[in-house]
2 protein chains.
Amino acid sequence: MASLKDVARLANVDASTASRVLRGDTRQAVRPETRERILRAAAELGYRPNASARSLRTRRSDTIALIVPDIDNVAFHAVIAGVETRAAELGYLVFLVDSRAIRDNEEDVYGRLIAEGRVDGLLIAYARMTDPLASQLQRRHVPVVFVNRRAEQAPASVVVDDAEGSAQAVEYLIGLGHRRIGFVAGAAGTDTARRREEGVRRALARHGLAFESRWVAEGRYTEAGGREAMTRILANGGERPTAFYVANLLSALGALAVLRERGLRVPDDVSVVAMDEHVIANHTQPPLTTVAMPLGRMGEESVQLLHRIIQHEPPDHIVIPDPPQLVIRASTAPPPTA
Amino acid sequence: MASLKDVARLANVDASTASRVLRGDTRQAVRPETRERILRAAAELGYRPNASARSLRTRRSDTIALIVPDIDNVAFHAVIAGVETRAAELGYLVFLVDSRAIRDNEEDVYGRLIAEGRVDGLLIAYARMTDPLASQLQRRHVPVVFVNRRAEQAPASVVVDDAEGSAQAVEYLIGLGHRRIGFVAGAAGTDTARRREEGVRRALARHGLAFESRWVAEGRYTEAGGREAMTRILANGGERPTAFYVANLLSALGALAVLRERGLRVPDDVSVVAMDEHVIANHTQPPLTTVAMPLGRMGEESVQLLHRIIQHEPPDHIVIPDPPQLVIRASTAPPPTA
DNA sequence: ATGAAAGCGCTAACAT
DNA sequence: ATGTTAGCGCTTTCAT
């Protein structure tokens with residue numbers, strides 16, 4: 001594997017000159033002919049700068065890490081794609097870290113990535129990162145952007161308008177004529193869950209409807225959680241909701257399954273709308289009405305912001321302005337005319 | 001950020017001594033008391049060795065890359081999880097590279113990973129990697145393991161028994177009484193598609209049934225491909241199959257949708273079984289019978305093998321012995337009694 | 001049992 | 001316009 005020295009020797013120049021040319025450093029002029037010789041030599045030898053050597057010297061790795069809660073959560077695929085795209089444009093490589101892999105040794109993984117100097121910054125889309133860790137990162141002045149999460153201690157974040165998306169979903173149900181609306185919420189204690197609930201409350205309030213706690217249960221953003229939440233709500237006595245907003249696609253799968261098992265027909269007896277759009281919503285029983293959030297864009301902007309922070313520009317809190325899109329399928333209809 | 005020098009100074013020893021102790025080098029003895037001092041100093045300073053410096057010196061990065069075709073393909077989630085698990089055990093960090101991100105500049109990504117010395121080896125689960133690239137890797141003696149793919153030029157590979165899994169699926173259909181069995185195949189030219197087709201042929205032959213090409217179409221491992229394949233097969237005249245084996249879960253979603261649109265009831269009119277198990281199979285319309293392959297195990301063994309190759313042990317070709325498991329749901333039944 | 005010294009490949013300040 | 005030099009932080013051989 002050719003080194004800079006090899007290139008310099010072949011081009012009959014000093015290594016420092018070769019370095020300048022190959023990096024495209026324009027602050028010092030180089031004779032065009034010399035330039036040519038160096039470029040030719042590098043091409044001939046298939047030269048690539050050694051990342052460790054460069055990184056040791058410059059203290060930059062041109063690498064960032066993206067910490068996601070769980071690759072199984074299909075909602076993150078769009079985020080991942082957006083991150084990869086913009087990262088490639090900006091010249092970063094991306095470590096994709098599934099937080100399942102680090103549950104039991106968070107410290108260790110962050111240690112390896114940050115303290116060992118492997119990455120220039122962190123994109124954290126992991127809602128449950130422990131607070132001690134968060135503040136530790138801050139103390140070390142590690143460039144960090146929280147993705148899809150506003151945190152008090154976080155210096156920088158990029159989120160979509162979860163409240164607005166949720167409000168739209170509920171407004172749609174109300175528009176269909178529903179008055180008793182159930183809510184399968186997100187994972188307690190997470191920021192997205194809070195904001196989605198806020199949207200639900202806002203939409204209900206706008207139409208003079210109450211937020212009934214017996215029609216609300218936590219779905220934890222998982223399929224099993226969705227099952228449990230729906231089971232719990234149906235077990236509560238009194239009138240049952242004629243429609244549900246489920247704060248996450250995976251949970252909606254579980255919720256639909258429970259409705260089916262109970263013999264409740266969707267959408268004839270009960271309507272369901274879920275947050276997060278994905279192909280599989282076309283194939284559920286019945287096909288599921290969803291809210292599509294601008295997640296790809298969120299991923300892109302996250303990288304962009306992290307890049308700026310790495311360059312010592314000031315941090316920021318960004319809300320992606322693109323409006324949520326309701327994707328109407330077969331799981332929603334007017335309430336049964338009792 | 002504390003360096004080795006800082007630790008050495010605090011412990012009153014030379015950096016080389018500190019290095020030996022902290023790496024756990026046993027070839028040279030160290031007085032227990034000295035050892036203690038060094039360990040204490042390192043802990044106090046929160047010392048972590050700089051990865052670039054170490055890597056520059058040792059020419060190892062303790063990092064590997066996993067190239068997957070497409071994160072959207074849920075079948076890969078289990079592979080990814082297996083890889084992450086074993087990699088963590090062996091002390092590797094993992095670059096997860098989605099091949100969509102590199103479609104247009106394959107060379108560049110591999111260049112950055114390999115030629116710049118960022119990774120010690122490659123796990124390639126990307127069926128369509130171009131051959132020039134494959135042989136280039138070989139020429140450079142890059143440690144490579146092909147995952148879920150046997151390739152002629154590949155020096156090492158780990159696969160599951162795709163033929164056996166496919167044969168089991170078809171045997172199951174035959175056992176239910178089906179005689180006309182359609183096949184939505186994988187992506188042409190990929191090794192898995194070849195092996196899955198082989199399994200289909202084997203099972204059919206075993207029962208004296210013919211492999212009818214008018215009942216076969218390529219599903220390309222995508223949802224859209226599944227739709228097209230099913231559409232094409234149904235368009236062919238003559239008797240239509242009473243059951244289908246679909247070589248991939250995503251394609252099965254598309255295939256099911258087409259059947260539904262044509263008014264064909266599953267499983268009453270047509271049975272469907274798909275390769276690849278995933279939660280969403282519980283939620284399709286109807287819930288889908290699948291074949292679960294030992295994909296997590298395949299991921300684990302791939303890392304293990306790559307690790308051995310990095311250590312200069314001989315390469316190998318491994319077939320994961322765990323038998324495929326049929327997961328029977330509601331999409332399969334005996335053929336209609338015409 | 002410990003230390004001295006060299007060097008991995010690169011960049012950047014400085015000298016010519 | 002180009003070269004000299006020093007050093008990033010670590011490992012490893014050799015010397016004591």
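Convention: sequence-line order gives letters A, B, ...; per-chain numbering from 1.
- Note on A:Arg23: only backbone sugar-phosphate atoms sit closer than 4.0 angstrom, heavy atoms only; bases stay farther off.
- Counting any heavy atom pair closer than 4.0 Å across all strands shown, B:Thr34 reaches sugar-phosphate atoms only and no base atom.
- OP1 or OP2 of D:dT2 sits under 4.0 Å from a side-chain N or O of A:Arg31.
- Of the candidates D:dT11, D:dT13, C:dA12, the closest approach to any side-chain atom of A:Thr58 belongs to C:dA12.
- Tested against A:Val83, the residues A:Leu96, A:Val68, A:Val147, A:Leu66 include a single side-chain contact (heavy atoms from CB on, under 4.5 Å) partner, A:Leu66.
- Set against D:dT4, C:dC10, D:dC10, the side chain of A:Ser16 has D:dT4 as its closest nucleotide.
- Note on A:Glu44 versus A:Arg40: no salt bridge recorded, every NZ/NE/NH1/NH2 to OD/OE distance being 4.0 Å or above.
- For C:dT11, the OP1/OP2 oxygens have a side-chain nitrogen or oxygen of A:Ser19 closer than 4.0 Å.
- When the nearest nucleotides of DNA chain D are assigned to A:Asn12 and B:Ser52 by heavy-atom distance, the more 5′-ward of the two goes with A:Asn12.
- Between B:Asp25 and B:Val30, the closest side-chain pair of non-hydrogen atoms is not below 4.5 Å.
- Following rounding to the nearest Å, A:Arg35 (CZ) and D:dT2 (P) show an atom-to-atom distance of 12 Å.
- Residue B:Arg20 contributes atom CZ, which lies 8 Å from atom C1' of C:dA1 at whole-angstrom precision.
- The A:Ser3 side chain lies nearest to C:dC10 when the options are C:dC10, D:dG3, D:dC8.
- The aromatic ring centres of A:His77 and B:His77 sit less than 6.0 Å apart.
- In this structure, B:Lys5 atom NZ and C:dG3 atom C1' are separated by 15 Å, rounded to whole Å.
- At whole-Å resolution of the value, CD1 in A:Ile38 and C1' in D:dT2 are 9 Å apart.
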Side chain to side chain contact (heavy atoms under 4.5 Å, CB included) between A:Arg48 and B:Arg112, intermediate numbers included:
CA-CA 8 Å; A:Arg48 307 240 28 175; B:Arg112 290 191 71 180; 3.9 Å; yes
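- Each of A:Tyr47 and B:Gln28 was matched to the nucleotide of DNA chain C holding its nearest heavy atom; the match closer to the 5' end belongs to B:Gln28.
- Distance, A:Arg118 CZ to D:dG9 P: 16 Å, rounded to whole Å.
- Out of C:dT2, C:dG9, C:dG3, the shortest distance to the side chain of A:Leu56 is found at C:dG9.
- Distances shorter than 4.0 Å separate none of the side-chain N or O atoms of B:Arg54 from OP1 or OP2 on C:dC8.
- Computed from coordinates, the A:Arg9 CZ to D:dT2 P distance equals 19 Å when rounded to whole Å.
- Heavy atoms of B:Ser55 sit nowhere under 4.0 angstrom from any nucleic acid atom.
- The listed nucleotides are C:dA6, C:dT11, C:dA12; the one nearest the side chain of B:Arg57 is C:dA6.
- Contact annotation: A:Arg60 does not reach the phosphate of C:dT11 (side-chain N/O to OP1 or OP2, under 4.0 Å).
- Between the side chain of A:Thr17 and the base of D:dA1, no donor-acceptor pair under 3.5 Å is found.
- Regarding B:Glu36, its CD atom lies at a distance of 16 Å from the C1' atom of C:dA1, rounded to whole Å.
- The CG-P distance, from A:Asp62 to C:dC10, rounds to 15 Å in whole Å.
- Between the side chain of B:Ser55 and the backbone N or O of B:Arg60, at least one donor-acceptor pair lies under 3.5 Å.
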